[in-house]
Amino acid sequence: MTEPLLATHGLTAHYGDFQALFGVDIKVEEGETIAIIGANGAGKSTLMRAITGLLPSASEAVRFRGEAIGTLPAPEILERGISMVPEGRKLFPSLSVEENLLIGAHAREGNGYWTLERVFEVVPVLRERRHHPGTALSGGQQQMVAIGRALMSNPDVLLCDEVSLGLAPVVIKEIYGSFPQIKGSGAAIVVVEQDIGQAMKVADRVYCMMEGWVTLEGCPADLPRDAIHNAYFGVNA
Amino acid sequence: MPETLFRTMMIRGFGLLAVLMLFVVPVIGSRAMVQDLFGVLTLLVLALNWNLLAGFAGLVSVGQQAFVGLGAYTMFACVILLDVDPLWGILAGGAVAMIVAVPVAIFTFRLSGAYFAIATWVLAEIVRLVLAQWKALGGGTGTSLPKGTTKDMWGVQWLKDTLDVSSSAASDALTYWLALVLALGTLAAAYVFLRSKAGLGLQAIRDNVGAARSVGVDPTRLKAWIFLLTAAGTGVCGALLFIQITRVTPEAAFSVVDWKAFVIFITVIGGVGTLPGPIVGVIVFYILQRTLADYGTIYLIVLGLIGIAVMLFAHRGLWGLFADKTGIELLPLRHLPPRSAHSS
């Protein structure tokens, strides 16, 4: 049996003495879109940070293409093909839109699908504002810069941490509208979402988290609404 | 041609002319002028290095005088103990400063902010106290270069014959040109580096270390390289400075006022984190020094007050203020995409 593209096995994570993840197991197959849902404080962003090396974890707790990467530093994990759109976008204010995109290719350059031109094709407004400071754009445009920045490394797995947070529904629709092209480029996508409806629409499989545990997993079509609500809120809906 | 572009070209043209004029100063200028400008150029080198460190890498070190002193003492050791040409001592000064910077970085990089700054100062004092024990180089009272060292330096005899000047004037001309080349080289290297992929990473680190890490930038490695390279540049400059001074003491080589306070003042008033900032700062500093030199302590008080005023009312220094008002970018750090990033 072949290993999944990305998998966590009993992943734990701590902030000092506080344990934020308790043995999380997830797997991502090639080309899949996975949604990780859960309320505030469920451990979704911590899971993203642990996978990308921004939080320390045990070596075998994260495996990518059959390799244990749990103890690798963030740049080396990105080099291997896991890229993240961080929560809150975190653009660099002293860099222009173009520079914010270019720095995405800092650790992993090459002749992949995603180039500046491709990003500009998907979001033409970024081409017009390429020399503006990244943080001078609207919230939605900034989010597209953050996604474009992550794509510039031509990842095999794109982790999107709360990309819809604080954005208008029309902008969220635009952002998720770009996902088919991202999937078309061959990347698997992991979306962290609080919006259950949005997550169910885009995902092939869903993991629900609560207080650092995975409480439910399955295909959206197979998951009863009550089970999701129970796993999400920890009460019977 | 837009007005801003025209003004930018004018300033660049003026800058180029100034560089050409600086090259001919030893031929047409007085020896006092050569010595004055040597001081200005060496301060510029120190300020360019400190600006890279504090302004771009966010490493606010207040102990860079350690590397000036190390460069100076290494050069003296090369001449007095190994009997080699002082010019080799300059290279050795840079190398030793860089080597010593390795353990200094290992220790200080565990700290950040004010603790990092204090640690660099403490380590600078330790280096000073250690070198003050070196009896072969005069211990606490220091020592002088052996008589005739600068006159026998490589190239001095040729310059003496070519320019038809005294050996001392030829030695001053040689160290002046070396300082000019070092200043231009440091400026060019900083410009090329900051426009490179690593430079883009450095600017990202300055904005947000966590976000920079998430896009694959290794902040520790990049900062360590900047720390080591600026230590080497500062060490080279320290060695060169003391070839001209010809006498070294722990107080002079590790001077807090000359190699720290003035350097920080120059960078702050010119513009921390801007490449032309140290150039503007050193010009303003030179003018103030010439104007206020006769007023003793008041001179230092005025420098301090000007520094505070600039920090309060022009965070990006005089150059930053000028650039914001006029839109002029003298040495733009904008990054152009590599060919592979453009193609689809």
Side-chain angles (χ1 to χ4, degrees), chain A residues 48-49 52-55 73-96 98-122 130-131 133-135 146 149-155 159 161, chain B residues 2 4-5 51 55-58 109 193-225 271-275 277 315-317 320 323-324 327 329 331-344:
Chain A
M48 297 296 103
R49 288 170 58 78
T52 51
L54 296 173
L55 270 181
E76 285 187 35
I77 290 176
L78 198 138
E79 263 175 50
R80 278 161 173 74
I82 302 174
S83 180
M84 180 166 73
V85 183
E87 185 185 359
R89 306 183 278 271
K90 295 193 171 63
L91 298 188
F92 302 108
S94 71
L95 304 185
S96 66
E98 186 170 285
E99 288 169 328
N100 265 289
L101 291 171
L102 283 173
I103 201 163
H106 188 273
R108 198 179 194 232
E109 266 181 302
N111 298 316
Y113 178 85
W114 290 104
T115 60
L116 262 187
E117 284 306 317
R118 280 259 157 72
V119 174
F120 289 155
E121 272 170 28
V122 178
R130 64 200 297 170
H131 298 311
T135 46
R149 182 177 69 183
L151 288 172
M152 285 293 287
S153 66
N154 280 290
L159 309 177
D161 194 358
Chain B
T4 306
L5 185 61
N51 188 36
F56 288 98
F109 276 32
F193 176 80
L194 289 169
R195 283 174 63 99
S196 72
K197 197 173 86 167
L200 188 62
L202 197 65
Q203 289 174 72
I205 290 169
R206 191 177 53 171
D207 280 354
N208 188 329
V209 175
R213 204 176 271 127
S214 76
V215 295
V217 178
D218 187 338
T220 310
R221 191 164 63 178
L222 257 181
K223 285 183 175 188
W225 272 114
V272 179
T274 66
L275 262 190
H315 298 300
R316 294 181 64 226
D324 289 345
E329 284 185 287
L331 297 166
L333 298 177
R334 193 177 305 128
H335 292 75
L336 298 174
R339 198 170 287 274
S340 63
H342 249 316
S343 58
S344 55

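A note on names: the letters A, B, ... follow the listed sequences, proteins ahead of strands, and every chain is numbered from 1. Keep in mind that the numbers below use all heavy atoms, side chains included, and drop hydrogens, waters and symmetry copies. The structure displayed is predicted, hence computed values, not measured ones.
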_Between B:Ala212, B:Gly210, B:Ala211, who has the most heavy-atom pairs with chain A when the cutoff is under 4.5 Å?_
B:Ala211
*Please list, in residue-number order, every residue in residues 81-88 of chain A that has a heavy atom less than 4.5 Å from any heavy atom of chain B; write 'none' if there are none.*
A:Pro86
*Can you find a heavy atom in the side chain of A:His106 that is under 4.5 Å from one in the side chain of B:Val217?*
yes
_Minimum heavy-atom distance B:Ser214-A:Leu78, with the two atoms named_ = O-CD1, 3.3 Å
_Could you measure the distance from the CZ atom of A:Arg49 to the CZ atom of B:Arg213? Nearest 0.5 Å is fine._
9.0 Å
*asked:* For the interface with chain B, which of A:Pro75, A:Ala74, A:Ala150 has the highest count of heavy-atom pairs at distances below 4.5 Å?
replied: A:Pro75
*Contact part of A:Ile103 toward chain B, heavy-atom cut-off under 4.5 Å: side chain, backbone, both or neither?*
both
*Interface moiety of B:Arg221 toward chain A, non-hydrogen atoms closer than 4.5 Å*: neither
_So, using side chain to side chain donor-acceptor pair (under 3.5 Å) as the criterion, who are the partners of B:Asp218 when residues are at least two apart?_
none
